[in-house]
Amino acid sequence: MRIASLLSLSLSVLAASAETIPKTDYDVIVVGGGPAGLSALSGVSRVRRSALLFDDNRYRNGPTRNMHDVIGNDGTPPAEFRGLAREQISKYPSAHFRNGTVKSITPTGNDEVSTFTVTDGEGKNYTARKIVLGTGLKDVLPDVPGLQEAFGKGIWWCPWCDGWEHRDQPLGVLGALSDVLGSVLETNTLYSDIVAFVNGTQTPEGEAKATASHEDWQEQLKAWNVKIDNRTITSIERIQDGGTHQNKTAGIQYDKFLVHFTEGDPVERGAFITNYPTAQRTDLPYDMGLNMTDSKIKVDTSGMRTSEFGVYAIGDANSDGSTNVPHAMFSGKKAAVYLHVQMSREDSESKISKRANLNLRELEKEARRAIGDNLEPQWEKVKRGN
Ligand SMILES: Cc1cc2nc3c(=O)[nH]c(=O)nc-3n(C[C@H](O)[C@H](O)[C@H](O)COP(=O)(O)OP(=O)(O)OC[C@H]3O[C@@H](n4cnc5c(N)ncnc54)[C@H](O)[C@@H]3O)c2cc1C
Ligand SMILES: *[C@@H]1O[C@H](CO)[C@@H](O)[C@H](O)[C@H]1NC(C)=O
Ligand SMILES: *[C@@H]1O[C@H](CO)[C@@H](O)[C@H](O)[C@H]1NC(C)=O
Ligand SMILES: *[C@@H]1O[C@H](CO)[C@@H](O)[C@H](O)[C@H]1NC(C)=O
Ligand SMILES: *[C@@H]1O[C@H](CO)[C@@H](O)[C@H](O)[C@H]1NC(C)=O
Ligand SMILES: *[C@@H]1O[C@H](CO)[C@@H](O)[C@H](O)[C@H]1NC(C)=O
Ligand SMILES: *[C@@H]1O[C@H](CO)[C@@H](O)[C@H](O)[C@H]1NC(C)=O
């Protein structure tokens with residue numbers, strides 16, 4: 001009799017907490033298995049949050065030979081880096097991986113608690129309390145023969161990625177006239193022979209655009225000895241592969257290309273820096289109606305929170321203004337810590353059946369208004385009950 005009533009008492013306590021925190025398949029679902037998503041998965045798994053990571057293997061640095069400027073892993077092929085990360089994270093029993101595409105994410109929670117249904121390519125549903133988007137960006141390259149296949153292999157957008165391996169070689173700058181000086185200012189410590197192939201953008205409008213960003217761009221380019229070639233590009237032909245022509249001791253890759261034009265002679269270069277746009281890798285952020293800024297998922301950087309309660313965005317995809325592997329890892333880590341603590345607070349409130357006088361969504365809004373770092377004082381306020 002006594003045991004029975006104790007049992008029903010504990011059952012009713014369970015029921016009370018189940019009311020506020022619905023049961024989900026996972027605590028967290030991470031979309032994207034690049035350095036951002038893997039870092040977030042590591043962060044939540046080490047504190048035993050159950051998590052499922054979806055990945056469909058379209059990595060931004062997929063085409064590159066080696067990854068650089070990631071300390072301890074300078075020169076590691078990206079696939080090897082991700083492989084080791086997966087192997088290490090797999091030690092944690094609450095971490096799970098799925099190869100597959102997330103097709104949709106539907107919020108199913110309320111103002112108190114966030115929950116989501118994630119639907120994959122096979123139409124299967126998975127539920128979680130928090131969502132982390134590490135879905136990345138893609139590079140939008142012009143459809144010029146030879147460019148796509150050489151991207152990441154002698155043609156790159158970021159001097160930290162591959163500039164050193166082509167140091168002192170003849171460099172080309174690809175893209176609009178207005179972006180040339182920016183590229184020169186990033187690369188002048190590595191290259192002295194620079195030609196900008198502006199592909200017909202040296203027009204009065206193109207020059208006005210260049211002037212708008214740097215008033216004396218012409219004098220500055222002259223001072224760096226940069227030549228401008230305005231001819232229309234027809235193709236970029238590889239004549240030597242730096243993947244096989246290398247000095248491994250010196251860490252130099254000898255790629256060689258010819259730029260062909262509608263008229264006149266081709267020009268030979270050893271490497272190129274590009275100025276082409278990027279776009280979200282997946283439509284998910286648009287389908288979910290997340291606030292965007294400049295084609296990036298808008299986040300409050302204190303915890304990488306998006307405009308949707310319970311959804312976090314990390315890595316290249318977010319508006320943090322940084323697209324590199326260290327940032328991907330840093331932002332993944334930041335989101336992991338934030339959402340773990342947030343979930344624990346939700347669990348804690350629920351355990352004592354306390355309803356905060358400010359609901360969680362309101363609290364997030366408050367924190368955002370205060371630009372993030374004020375979340376702690378906000379929680380303190382709630383705890384004190386004012
Ligand atoms: C050619 C090149 C070379 C680079 N070299 C370097 C370098 O040397 N050093 C450096 O620091 N940075 C480098 N970068 C930048 C680096 O690649 C990015 O900053 C980094 O990959 C960002 O990591 P991420 O996890 O945000 O995105 P990604 O690595 O792009 O990973 C995103 C993942 O999410 C997956 N995904 C997207 N949508 C879905 C969905 N709906 N369902 C399931 N999965 C999904 C994608 O398929 C992909 O696997 C380079 C970039 C390029 C283009
Ligand atoms: C996912 O795909 C990768 C690459 O295709 C493969 O190496 C890996 O074993 C797959 N993982 C799972 C869990 O199927
Ligand atoms: C999956 O979830 C979606 C969104 O909540 C729902 O519309 C759909 O019916 C679910 N599918 C299955 C197979 O349960
Ligand atoms: C050059 O300009 C043409 C015409 O505007 C365009 O179609 C092409 O994609 C551009 N090529 C490069 C390499 O930017
Ligand atoms: C550059 O090329 C464009 C397109 O062919 C042309 O309109 C423009 O006059 C050229 N500029 C110069 C300075 O020759
Ligand atoms: C490769 O680089 C090393 C170190 O700079 C140099 O000593 C060597 O001569 C180079 N080898 C070749 C084949 O050029
Ligand atoms: C998101 O955008 C809407 C509409 O522009 C705006 O009202 C809201 O404040 C934005 N939220 C965040 C968190 O930026």
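Residue numbers run from 1 in the order of the sequence given. Below, each value reflects all heavy atoms present in this structure, side chains not excepted, and no hydrogens, waters or symmetry copies. Whatever order the structure lists ligands and atoms in, that order sets their numbers, starting from 1. Just so it is clear, the model here is predicted, and its values are computed rather than measured.
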Given [options], which one has a non-hydrogen atom that is nearest to [atom]?
{"atom": "atom 37 (C) of ligand 1", "options": "T135, I155, D287, D283", "answer": "T135"}
{"atom": "atom 40 (C) of ligand 1", "options": "V31, T76, L53", "answer": "V31"}
{"atom": "atom 43 (C) of ligand 1", "options": "G34, G32, G37, G100", "answer": "G100"}
{"atom": "atom 1 (C) of ligand 7", "options": "N291, T306, V299", "answer": "N291"}

Nearest-neighbour protein heavy atom for [atom], which is reported as residue plus atom name and distance:
{"atom": "atom 5 (O) of ligand 5", "result": "G200 CA, 4.5 Å"}
{"atom": "atom 3 (C) of ligand 1", "result": "T64 CB, 3.8 Å"}
{"atom": "atom 42 (N) of ligand 1", "result": "V102 N, 2.9 Å"}
{"atom": "atom 6 (C) of ligand 1", "result": "C161 SG, 3.2 Å"}
{"atom": "atom 6 (C) of ligand 5", "result": "N230 ND2, 4.2 Å"}
{"atom": "atom 36 (N) of ligand 1", "result": "D56 OD1, 3.4 Å"}
{"atom": "atom 7 (O) of ligand 5", "result": "T203 CG2, 4.0 Å"}
{"atom": "atom 9 (O) of ligand 5", "result": "Q202 O, 4.4 Å"}

Distance-only polar pair, side chains of [X] and [Y], donor-acceptor under 3.5 Å:
{"X": "N125", "Y": "T119", "result": "yes"}
{"X": "S183", "Y": "N275", "result": "yes"}
{"X": "T293", "Y": "S319", "result": "no"}

Using a strict cut-off of 4.0 Å, indicate which atoms of ligand 1 neighbour a heavy atom of [X].
{"X": "T323", "answer": "19 (O)"}
{"X": "G134", "answer": "32 (C), 33 (C), 34 (O)"}
{"X": "P326", "answer": "11 (O)"}
{"X": "N57", "answer": "47 (O), 49 (O)"}
{"X": "H68", "answer": "7 (C), 8 (O), 9 (N), 10 (C), 11 (O)"}
{"X": "M67", "answer": "8 (O)"}
{"X": "A328", "answer": "23 (O)"}

Could you grab the distance from atom [atom1] of [X] to atom [atom2] of [Y], nearest 0.5 Å is fine?
{"X": "K23", "Y": "I21", "atom1": "NZ", "atom2": "CD1", "answer": "12.0 Å"}
{"X": "D56", "Y": "R281", "atom1": "CG", "atom2": "CZ", "answer": "8.5 Å"}
{"X": "W156", "Y": "T274", "atom1": "CH2", "atom2": "OG1", "answer": "9.0 Å"}

Indicate yes or no: does [X] engage [Y] in a salt bridge with an N to O separation below 4.0 Å.
{"X": "R231", "Y": "D229", "answer": "yes"}
{"X": "R60", "Y": "D316", "answer": "yes"}
{"X": "D347", "Y": "R129", "answer": "yes"}

Backbone or side-chain N or O of [X] under 3.5 Å from ligand 1 N or O:
{"X": "D162", "result": "no"}
{"X": "T101", "result": "no"}
{"X": "D55", "result": "yes"}
{"X": "R281", "result": "no"}
{"X": "R60", "result": "yes"}

Tell me which part of [X] gets within contact of ligand 1: side chain, backbone, both or neither, using heavy atoms under 4.0 Å.
{"X": "W157", "answer": "side chain"}
{"X": "D139", "answer": "side chain"}
{"X": "T282", "answer": "side chain"}
{"X": "L284", "answer": "side chain"}
{"X": "A36", "answer": "both"}

Indicate yes or no for a side-chain donor-acceptor contact from [X] to the backbone of [Y] under 3.5 Å, with no hydrogens or angles considered.
{"X": "D300", "Y": "R305", "value": "no"}
{"X": "D216", "Y": "E219", "value": "no"}
{"X": "N73", "Y": "T76", "value": "no"}

Any chance you could lay out the side-chain contact (heavy atoms from CB on, under 4.5 Å) test for I236 and L174, step after step, and finish with the verdict? CA-CA 11 Å; I236 297 174; L174 291 171; 3.8 Å; yes
Taking side-chain contact (heavy atoms from CB on, under 4.5 Å) as the definition, give me every residue that meets it alongside D25, ordered by chain and number, with sequence neighbours left out. Y126, T127
So, 4.0 Å and heavy atoms of [X]: is ligand 1 close enough to count as a contact?
{"X": "Y59", "answer": "yes"}
{"X": "C158", "answer": "no"}
{"X": "A317", "answer": "no"}
{"X": "S331", "answer": "no"}

Relative to Y26, does K130 satisfy both conditions: NZ or CZ under 6.0 angstrom from the six-membered ring centre, and within 45 degrees of the ring's axis? no
Within 45° of the six-membered ring axis of Y92 and under 6.0 Å from that ring's centre, is NZ or CZ of R48 located there? no
Which ligand 7 atoms, with their elements, are less than 4.0 angstrom from a heavy-atom of K298? 14 (O)
Considering only distance and modelled atom types, tabulate donor-acceptor pairs under 3.5 Å from the side chains of residues 252-270, sequence neighbours left out.
from: Q253; atom 1: OE1; to: R65; atom 2: NH1; distance (Å): 2.7
from: D255; atom 1: OD1; to: R65; atom 2: NH2; distance (Å): 2.8
from: D255; atom 1: OD1; to: R238; atom 2: NH1; distance (Å): 2.6
from: D255; atom 1: OD1; to: G242; atom 2: N; distance (Å): 2.7
from: D255; atom 1: OD2; to: R65; atom 2: NH1; distance (Å): 3.0
from: D255; atom 1: OD2; to: H166; atom 2: NE2; distance (Å): 2.7
from: H260; atom 1: NE2; to: E237; atom 2: OE1; distance (Å): 2.7
from: R269; atom 1: NH1; to: L171; atom 2: O; distance (Å): 2.9
from: R269; atom 1: NH1; to: D193; atom 2: O; distance (Å): 3.2
from: R269; atom 1: NH1; to: D193; atom 2: OD1; distance (Å): 3.0
from: R269; atom 1: NH2; to: D193; atom 2: OD1; distance (Å): 3.2
from: R269; atom 1: NH2; to: D193; atom 2: OD2; distance (Å): 3.3

